[in-house]
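Down below is the structure, laid out as structure tokens.
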Amino acid sequence: MVPLPVSFYERQTSVVARELLGKVIVRRWPGPPATSARARIVEVEAYLGERDAASHARRGPTPRAAIMFGPPGRLYVYLIYGMHHCMNFVAETDGTAGAVLIRAAVPVEAESERDPRALSGPGKLCAAVDITLRHKGLDLTALDSELVVVDDGAPVPRVAAARRVGVEYAGAWARRRLRFYVAGHPAVSRVR
DNA sequence: GTTCCGATGCTT
DNA sequence: AGCATCGGAACG
């Protein structure tokens, strides 16, 4: 299955965020032995450019956040609270900041189970698929990447929106509904 | 059920 | 000093 192309990511961040719901993260370990894991995205957050007071891009292209200003379709990883990694997909055209935080996914092979083990929360998700700072900058659109995103033809889910989690400091931007999730999905954060 | 807290290290 | 988090403890 072919990775989503650069053109998918090169759009408004909130559009990319919504459309990532239902898509499948494919993590490949080259090995040997070569292995892989697949998880369907069920919750994301859009972080916009310099005007977004909750975004790491708010202080401009600092060493950490510069990648948010670069070409779309790249992986932005950061370390939070000294122990958890968070993965983001860079959106918008080169020169404009934007990224989508991936907050929750469900392993594809577990989807049919009665109570599928969810990878809920950005830190837990990153740990589950073994993504760390050394993957920052990875090209999500390259055929041979250790991490790509694919459309497996599953039906487009019904999308709901809510405030982003953990950005209370951001004033009016904290109240924007820039978190998107599969409506009614049990793996989604309980927070409103 | 809720709220609180500590862990741990990078960023500004 | 604060953080785009998590899991466990304390409390009701």
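Each chain gets a letter, A, B and so on, in the order its sequence line appears, and its residues count up from 1.
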Report the distance from atom [atom1] of [X] to atom [atom2] of [N], rounded to the nearest whole Å.
X        : N     : atom1 : atom2 : value
A/Arg59  : C/dA1 : CZ    : C1'   : 12 Å
A/Ile102 : C/dA4 : CD1   : P     : 17 Å
A/Tyr78  : B/dT8 : OH    : C1'   : 16 Å
A/Glu168 : C/dT5 : CD    : C1'   : 15 Å
A/His84  : C/dG2 : NE2   : P     : 20 Å
A/Leu119 : C/dT5 : CG    : P     : 16 Å
A/Ile80  : C/dG2 : CD1   : P     : 14 Å
A/Tyr169 : C/dA1 : OH    : C1'   : 14 Å

Choosing from [options], which nucleotide comes nearest the side chain of [X]?
X        : options              : answer
A/Tyr81  : C/dC6, B/dT12, B/dT8 : B/dT8
A/Thr62  : C/dA4, B/dG9, B/dT12 : B/dT12
A/Leu101 : B/dT12, C/dA4, C/dC6 : C/dA4
A/Met83  : B/dT8, C/dA4, C/dG7  : B/dT8

Is it the case that the side chains of A/Ser36 and A/Arg27 hold a donor-acceptor pair, with the cut-off being a distance below 3.5 Å and no angle test? no
Close side-chain approach of A/His56 to A/Arg64, heavy-atom, < 4.5 Å: yes
Check: A/Ser120 and A/Val188 side chains under 4.5 Å, non-hydrogen atoms: no
Looking only at side-chain N and O atoms, does A/Arg103 come under 4.0 Å of OP1 or OP2 in C/dT5? yes
Any side-chain N or O of A/His56 below 4.0 angstrom from OP1/OP2 of B/dT11? no
Are A/Val149 and A/Val42 connected in the hydrophobic side-chain network, where two residues link if heavy atoms are under 4.5 Å apart? yes
Answer for the Watson-Crick or wobble partner of B/dG9, both distances under 3.5 Å, is C/dC3
Presence of salt bridge, A/Arg164 and A/Asp52, under 4.0 angstrom: yes
